[in-house]
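Each remark here refers to the structure printed beneath this line.
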Amino acid sequence: MNKIPYGRQNIDQKDIDAVVSTLQSDYLTQGPKVKEFESKFAEYVGSNYAVAVNNATSGLHLSVLALNLSKGERVITTPITFAASANCVRYAGAEVWFADIDPNTYLLDINSVKKLVESKPKGFFKGIIPVDFAGLPVNMEDFRDFADNHDLWIIEDACHAPGGYFIDSKEDKNFCGNGNYSDIGVFSFHPVKHIACGEGGMLTTNSKELYKKLMLLRTHGITKENMDENHGNWYYEMIALGFNYRLTDFQSALGITQLAKNENGVERRNEISANYKKEFLGKVKFQDLPTGTYNAHHLFIIEVEHRKKLYDFLHSKGILAQIHYVPVHTLPYYKNIGYSEANLSNAENYYSKCISLPMYPTLSDEDQEFIIEHVNQFVNG
Ligand SMILES: Cc1ncc(COP(=O)(O)O)c(C=O)c1O
């Protein structure tokens with residue numbers, strides 16, 4: 001049986017040639033391809049700086065550290081995301097607080113965040129981690145205005161959304177992770193995402209200070225900045241406790257060729273989404289698209305009653321639909337540290353009905369028709 005996954009990388013001969021040529025070069029890691037990938041990525045999203053990392057989880061970890069998150073402090077995120085968006089807060093010994101999602105966009109609901117923040121004294125929370133869930137950009141301008149009034153930093157988890165944008169009140173296009181409204185943007189290059197490096201990630205920022213901290217922490221906290229005439233080129237200083245969270249040169253070579261295809265890839269994803277919407281309009285609920293927003297469509301999600309039955313039915317036909325996500329606060333780790341009482345009814349209601357249909361640029365029209373036919377068959381009973 002032909003199996004149709006929910007997401008899939010798109011590797012062509014150019015990608016393969018780029019990796020092979022880097023394997024034959026002098027550098028497998030810490031060479032020119034990392035820098036080239038960083039500068040092309042920064043240019044693509046419109047940020048001043050980009051820092052390549054070995055995956056987005058490491059990137060989230062570096063981000064909270066660069067923003068000085070400390071033990072016992074508190075950060076707000078969404079329950080409808082991959083666990084890594086919340087786990088980074090725990091890595092710093094801090095507390096995760098969940099606000100609810102908007103039931104129509106599935107994004108972190110700013111009103112729920114406001115209610116939570118305003119129920120506590122100023123300084124209680126340190127930051128917010130909104131997620132451009134499924135590829136739909138968060139209106140980061142709204143979050144920034146609110147965050148500024150409450151001294152909160154913002155990490156934009158843009159893992160699902162390279163190439164997505166929203167139009168701000170000045171009529172400017174803001175690509176996800178461009179750093180105009182968030183302090184740091186985080187991207188993932190896992191193969192189900194838009195840009196595949198095997199594993200990989202990118203951090204973007206407009207702050208030189210944050211950029212320098214991220215670079216330092218990515219490589220063990222080591223700097224060569226304080227060299228003087230008494231020392232040779234061997235000399236380095238370790239000035240902070242950092243990590244080895246580097247991306248290799250051959251992965252960066254792949255990232256560069258993958259990035260070059262992203263604009264077309266996102267266009268194709270939007271074509272696929274338009275087709276799903278045309279076929280499902282009035283039959284099943286799907287993610288709202290706020291005016292002035294371009295969804296990068298990592299996922300295409302519908303909500304149905306009897307979701308498990310649809311999941312089993314589609315899988316029996318070789319359509320490998322997936323569920324995104326089990327709400328983070330209901331995962332055993334989080335339950336065990338006290339989240340079992342959390343009242344996040346929009347998130348839980350969404351989770352009871354959501355199912356992600358196949359969405360990737362190389363999904364053929366025939367395969368999409370096959371998927372639509374079977375979803376309709378199920379929905380029509
Ligand atoms: C929203 C979100 N944040 C973070 C991550 C972590 O990315 P990585 O697998 O590159 O560590 C993922 C990966 O699935 C994700 O979907």
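Position 1 is the first residue of the sequence; numbering continues from there. Keep in mind that the numbers below use all heavy atoms, side chains included, and drop hydrogens, waters and symmetry copies. Atoms within a ligand are numbered from 1 in the order they appear, just like the ligands themselves.
- Not counting sequence neighbours, the partners of Asp17 by the side-chain contact (heavy atoms from CB on, under 4.5 Å) test are Gln13.
- Residue-level contacts of ligand 1 at the 4.0 Å heavy-atom threshold are Asn55, Ala56, Thr57, Leu60, Thr81, Phe82, Ala84, Ser85, Val131, Asp157, Cys159, His160, Ser188, Lys193, Gly200, Tyr325.
- Between Lys277 and Asp288 there is no salt bridge, since no side-chain N of the basic residue sits under 4.0 Å from a carboxylate O of the acidic one.
- By the 4.0 Å N-to-carboxylate-O rule, Glu36 lies close enough to Lys33 to be salt-bridged with it.
- Note: His374 and Phe313 have tilted aromatic rings, judged against thresholds of 30 and 60 degrees for the angle between ring planes.
- For Glu225, the side-chain contact (heavy atoms from CB on, under 4.5 Å) test picks out Lys212, Thr223, with sequence neighbours left out.
- Applying the side-chain contact (heavy atoms from CB on, under 4.5 Å) rule to Leu67 yields the partners Trp153, Ile155, Asp183, Ile184, Leu210; only residues at least two apart in sequence or on another chain are considered.
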